[in-house]
2 protein chains.
Amino acid sequence: PPGRKVLIVYAHQEPKSLNGSLKRVAVEELSKQGCSVTVSDLYAMQFEPRATRNDIVGCLHNSEEFNYAVETWEAYKRGGLSSDVSEEQRKVQEADLLIFQFPLYWFSMPAIMKGWMDRVLVQGFAHEFPNCYDSGLLKNKLSLFSFTTGGSEEMYAKGGISGDIRYLLWPMQHGIMHFCGVKVLAPHICFAPEYVSEEKRKEMLNAWAQRLKTIWNEEPINCSPEWYFK
Amino acid sequence: PPGRKVLIVYAHQEPKSLNGSLKRVAVEELSKQGCSVTVSDLYAMQFEPRATRNDIVGCLHNSEEFNYAVETWEAYKRGGLSSDVSEEQRKVQEADLLIFQFPLYWFSMPAIMKGWMDRVLVQGFAHEFPNCYDSGLLKNKLSLFSFTTGGSEEMYAKGGISGDIRYLLWPMQHGIMHFCGVKVLAPHICFAPEYVSEEKRKEMLNAWAQRLKTIWNEEPINCSPEWYFK
């Protein structure tokens with residue numbers, strides 16, 4: 001709906017990839033709805049994934065023994081995080097919906113996107129004990145993991161060699177998003193696009209566009225162990 | 001035992017941290033046993049976590065549409081991976097045991113270590129269909145995830161707010177190590193070291209040294225869904 005803001009955090013090296021197309025489809029469909037859409041194209045930005053002392057501008061809270069979590073928390077409070085991190089935080093703060101678009105690498109997101117999580121979702125900004133999980137600081141936002149796999153749907157079935165795909169969603173959806181208070185919509189998964197026909201890939205893009213038409217009516221999943229492991 | 005080779009992949013910014021001490025304890029104890037120990041100190045190496053075209057030396061297999069998995073597979077076969085990646089592969093190839101030492105970041109490893117997995121364990125080297133899981137190309141090696149947490153053991157208990165700690169081990173132990181044929185020893189977890197006394201932290205270091213004394217007698221876990229989710 002007009003006025004809603006969406007941040008797409010996108011991690012693929014190749015604009016011509018299916019991930020690139022899925023990202024474009026989302027920008028088009030959501031813009032058509034009147035949403036304001038921002039894309040963080042991590043590879044194009046050469047986004048820094050490493051959590052280091054460089055993320056803190058100026059002096060350290062404790063220069064004797066570097067503790068990344070403590071230092072970024074302190075830096076956040078005094079406005080002293082590096083500009084690439086605070087820029088991403090600004091985008092997150094404004095967004096109603098966060099879409100993560102990526103190819104599954106090793107049962108998880110690519111390192112460049114994991115670095116976005118590690119560096120952007122700092123204490124004070126995204127959570128601050130006891131404000132975690134349902135009372136996380138980013139509550140009232142939605143998230144959606146949209147990704148492609150190398151393995152087939154059969155491999156990722158319960159009893160399949162790679163196990164239920166939901167098993168690997170736990171760290172990302174519960175451990176990151178839920179921890180920050182962000183509600184989680186059902187993931188959008190394109191299985192093994194490299195092994196299907198061009199026509200089937202077009203269907204995948206259409207299915208994503210169709211889903212986005214009614215995305216604002218969706219109810220979040222119940223992000224508890226039952227959803228993942230039952 | 002003399003002759004055994006160990007690679008410790010280590011990801012912490014601060015040598016004075018508990019992770020730094022756990023790494024040192026492992027180097028000392030294993031060296032004392034006569035093992036040959038190599039450490040990849042990822043932050044000190046400024047290890048590159050991003051999977052990009054820079055990982056391929058020379059021409060691409062398909063320069064029209066960049067596919068990282070295909071390009072690194074082809075590059076591996078012709079000896080055309082970037083030297084930082086092939087150097088890590090050489091270390092892995094020589095090792096009998098891989099120890100991953102890190103602080104848990106967001107229910108997973110820090111991005112810099114995820115990037116090590118993404119870039120080093122390429123097709124052709126670590127797996128090559130149908131050589132995956134029990135017939136992965138790195139079979140006859142052992143692995144062990146040794147990490148510290150922010151949350152307490154109670155939070156990571158079954159029924160705890162963060163769920164059974166084993167849930168989050170699935171992508172790392174099964175999705176990465178088992179996929180490559182590497183057997184998995186029980187993880188070594190130091191819960192919430194920042195919230196315990198200096199004496200308790202010393203006990204943690206001692207417990208790790210003690211475990212390493214008999215590490216070569218340990219049986220791998222049964223890396224199947226039952227271990228993780230039952």
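These numbers were taken from a predicted model, which means no experiment stands behind them.
- Within the 4.5 angstrom heavy-atom criterion, atoms from both the backbone and the side chain of A/Leu121 approach chain B.
- Residues of residues 138-164 of chain A that come closer than 4.5 Å to chain B, counting heavy atoms only, are A/Ile161, A/Ser162, A/Gly163, ordered by residue number.
- Residue contact with chain B, scored on non-hydrogen atoms closer than 4.5 Å, involves the backbone and the side chain of A/Tyr105 alike.
- Taking all atoms of both residues into account, the shortest heavy-atom contact from A/Leu168 to B/Trp170 is N-CD1, 4.2 Å.
- By the 30° and 60° cut-offs, the orientation of the rings of B/His174 relative to A/Phe107 is perpendicular.
- In terms of heavy atoms, B/Lys16 sits closest to A/Glu65 at O-OE2, 3.6 Å.
- Within a 6.0 Å radius of CD in A/Glu226, other residues, nucleotides and ligands contribute more than 12 heavy atoms.
- Qualifying ring-ring contact (aromatic ring centres under 6.0 Å, His included) partners for A/Phe125, counting only residues two or more places apart in sequence or in other chains: A/Tyr76.
- The candidate with the highest count of non-hydrogen atom pairs below 4.5 Å against chain B, out of A/Phe129, A/Tyr43, A/Tyr133, A/Phe179, is A/Tyr133.
- The two residues B/Lys114 and A/Ser108 have their closest heavy-atom pair at CE-CB, 3.8 Å.
- Pairing each heavy atom of A/Asp118 with each of B/Ala111, the nearest pair is OD2-N, 2.9 Å.
- Within 6.0 Å of CD on A/Glu199 lie no more than 12 heavy atoms contributed by other residues, nucleotides or ligands.
- Of the listed residues (A/Val70, A/Leu42, A/Ile112, A/Ile176), the one with the most heavy-atom contacts under 4.5 Å to chain B is A/Ile176.
- Using a 4.5 Å cut-off between heavy atoms, A/Tyr228 does not touch chain B at all.
- The backbone N or O of B/Pro49 sits nowhere less than 3.5 Å from a side-chain atom of A/Arg50 that would complete a donor-acceptor pair.
- B/Gly175 and A/Trp106 make their closest contact through O-CE3, 3.2 Å (heavy atoms, listed as atom of the first residue, atom of the second, distance).
- Residues B/Tyr167 and A/Phe229 place their aromatic rings such that the two centres sit under 6.0 Å apart.
- Minimum interatomic distance between B/Ala51 and A/Gln13 (heavy atoms only, all atoms of both residues): O-NE2, 2.7 Å.
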